[in-house]
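Proteins come first, then strands; the chains are lettered A, B, ... in the order of their sequence lines, and each starts at number 1. The figures here come from the full heavy-atom set of this structure, side chains too, leaving out hydrogens, waters and symmetry mates. For clarity, every value in this text was computed on a predicted model and none was experimentally measured.
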Amino acid sequence: GDSVTQTEGQVALSEEDFLTIHCNYSASGYPALFWYVQYPGEGPQFLFRASRDKEKGSSRGFEATYDKGTTSFHLRKASVQESDSAVYYCALALTNSAGNKLTFGIGTRVLVRP
Amino acid sequence: EAAVTQSPRNKVAVTGGKVTLSCNQTNNHNNMYWYRQDTGHGLRLIHYSYGAGSTEKGDIPDGYKASRPSQENFSLILELATPSQTSVYFCASGGGASAETLYFGSGTRLTVL
């Protein structure tokens with residue numbers, strides 16, 4: 001079945017550090033790829049998406065580029081702030097479905113120290 | 001701003017009891033989803049719906065039923081709760097377009113003793 005792999009379970013950083021969270025996917029078709037962010041006590045919220053090869057998604061200083069060749073959608077931010085502490089989820093959905101049955105990775109907890 | 005409201009926020013149930021988790025959305029979205037969140041598993045899809053009167057099985061439907069009596073409401077039902085169903089449950093809605101954005105509620109923390 002379709003799946004998403006996030007290799008980092010937890011990342012600890014200091015403010016202004018560079019953040020990378022690795023996301024690789026396996027899918028039977030040509031999926032749309034997403035990043036969602038979840039702050040403590042809240043539900044996940046959409047960060048951005050990309051729907052085709054080489055497309056870059058971005059929001060709030062975060063970005064990721066859809067790479068069909070390496071089946072990856074790695075999340076990056078050049079300079080993190082304490083407010084970026086959250087859990088980040090990579091997800092995929094097959095674009096020809098009637099709805100978005102999102103398949104999520106296990107999430108990466110990011111802790112940014114002041 | 002999309003609004004998805006879940007109730008209750010916290011629930012303690014006994015093994016073998018019936019539990020109903022409720023979700024209401026005011027976005028007039030066609031699609032609604034129930035996920036559970038567990039450490040080491042991320043978010044997993046239990047049931048979903050494409051509109052009033054419809055329910056579909058997700059990836060882990062065993063032990064759960066769903067009901068969509070109206071566009072706005074989507075319930076998750078545990079007829080015979082078990083401790084393995086202790087988790088945080090999230091409801092979400094989406095407009096039904098390809099690569100739609102999902103809007104999540106704040107979750108229900110369920111503990112089954």
Hey, any chance A/Phe62 and A/Tyr66 share a hydrophobic cluster, counting ILVMFWY side chains that come within less than 4.5 Å of each other, even indirectly?
-> yes

Looking at side-chain heavy atoms only, is the closest gap between A/Leu102 and B/Tyr35 below 4.5 Å?
-> yes

Tell me, yes or no, whether the heavy-atom count around A/Arg52 atom CZ, taken from other residues, nucleotides or ligands under 6.0 Å, exceeds 12.
-> no

In one Ile/Leu/Val/Met/Phe/Trp/Tyr side-chain cluster, 4.5 Å: B/Phe90, B/Trp34 | no

Check each atom of B/Glu56 against the heavy atoms of chain A and say whether the ones under 4.5 Å are side chain, backbone, both or neither.
-> neither

Could I get the full list of side-chain contact (heavy atoms from CB on, under 4.5 Å) partners for A/Arg76, not counting sequence neighbours?
-> A/Phe18, A/Thr20, A/His74

Rounded to the nearest 0.5 Å, what's the gap from OH on B/Tyr103 to CZ on A/Phe46? Could you check?
-> 8.0 Å

Could you list which of residues 38-47 of chain B have a heavy atom closer than 4.5 Å to any heavy atom of chain A, in residue-number order?
-> B/Gly40, B/His41, B/Gly42, B/Leu43, B/Leu45

Would you say A/Lys54 has more than 12 foreign heavy atoms packed within less than 6.0 Å of its NZ?
-> yes

Side-chain heavy atoms under 4.5 angstrom apart, residues restricted to Ile, Leu, Val, Met, Phe, Trp, Tyr: same cluster for A/Val4 and A/Leu47?
-> yes

Give, as side chain, backbone, both or neither, the part of B/Arg9 having an atom under 4.5 angstrom from any heavy atom of chain A.
-> side chain

side-chain contact (heavy atoms from CB on, under 4.5 Å) filter on A/Ser3, not counting sequence neighbours, yields A/Ser26

Hydrophobic cluster membership, A/Phe73 vs A/Val11, 4.5 Å side-chain cutoff = yes

Residues of residues 103-114 of chain A near chain B, each having a heavy atom less than 4.5 Å away = A/Phe104, A/Gly105, A/Ile106

Examine whether an atom of A/Gln6 lies under 4.5 Å from a heavy atom of chain B, and if so say whether it belongs to the side chain, the backbone or both; otherwise answer neither.
-> neither

Answer yes if B/Tyr48 and B/Tyr64 sit in the same cluster of Ile, Leu, Val, Met, Phe, Trp and Tyr residues linked by side chain heavy atoms under 4.5 Å apart, and no otherwise.
-> no

Find the distance between CD (B/Glu100) and CZ (A/Phe34) and round it off to the nearest 0.5 Å.
-> 8.0 Å

